[in-house]
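Worksheet: the structure to be examined is printed underneath.
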Amino acid sequence: LNFTPDSLEEAAQAAELGKACREVGFFFVREHGMRPELMTQVFEQMQKFFALPADRKAKVSDPVLNRGYTGLAEETLDPQHQIRGDTKEGFYIGRE
């Protein structure tokens with residue numbers, strides 16, 4: 001996906017993201033404007049965060065706003081085909 005200023009409008013970008021998630025299972029964003037050094041720092045911090053004990057990560061969870069940490073198996077994103085929760089952890093952010 002391309003996020004340059006002259007790329008698709010926001011609604012079209014959202015539709016394209018949704019399609020990639022449903023049909024491919026992932027997407028790669030380019031032209032996002034993040035410096036490579038910042039991306040490296042983000043990945044380093046992400047590795048440090050997810051290496052913390054579960055009780056420490058849980059302190060930054062806000063289930064009301066659906067933000068922050070989500071633990072392993074807390075979500076079941078495909079309940080029609082799953083009997084257990086997803087085998088992933090996550091950290092959700094928003095525009096606010």
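F50 and F43 fall within the same hydrophobic cluster, where Ile, Leu, Val, Met, Phe, Trp and Tyr residues are linked whenever their side-chain heavy atoms come under 4.5 Å apart, directly or through other members. Under the 4.5 Å side-chain contact rule for hydrophobic residues, V60 and M46 share a cluster.
If you take CZ on F26 and SG on C21, they are separated by 10.5 Å, rounding to the nearest 0.5 Å. With rounding to the nearest 0.5 angstrom, the CG atom of N66 is 8.5 Å from the CD atom of E75. Here the CZ-OG distance, from R67 to S61, works out to 12.0 Å after rounding to the nearest 0.5 Å.
The shortest distance between side-chain heavy atoms of L38 and R35 falls below 4.5 Å. In this structure the side chain of E74 never reaches within 4.5 angstrom of the side chain of K88, judged on heavy atoms. Annotation: side chain of F91 is not in contact with side chain of T70 (no heavy-atom distance under 4.5 Å).
A donor-acceptor pair under 3.5 Å is absent between the side-chain atoms of K57 and the main chain of Y69, judged by distance alone. At least one donor-acceptor pair closer than 3.5 Å links the side chain of D86 to the backbone N or O of L77. Judged purely by atom type and a 3.5 angstrom limit, E23 has no side-chain atom pairing as donor or acceptor with the backbone of K19. Proximity of a side-chain donor or acceptor of R22 to a complementary backbone N or O of G18 within less than 3.5 Å is detected. Within the 3.5 Å criterion, the main-chain N or O of V64 finds a donor-acceptor partner in the side chain of D62.
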Please assess M39 against H32 for the test side chain to side chain contact (heavy atoms under 4.5 Å, CB included), listing each intermediate value before the final yes or no. CA-CA 11 Å; M39 289 179 60; H32 44 67; 3.4 Å; yes
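Residue I93 qualifies as open at atom CD1: its count of foreign heavy atoms under 6.0 Å is 12 or below.
Taking each heavy atom of E89 and L72 in turn, the nearest pair found is CG-N, 3.8 Å.
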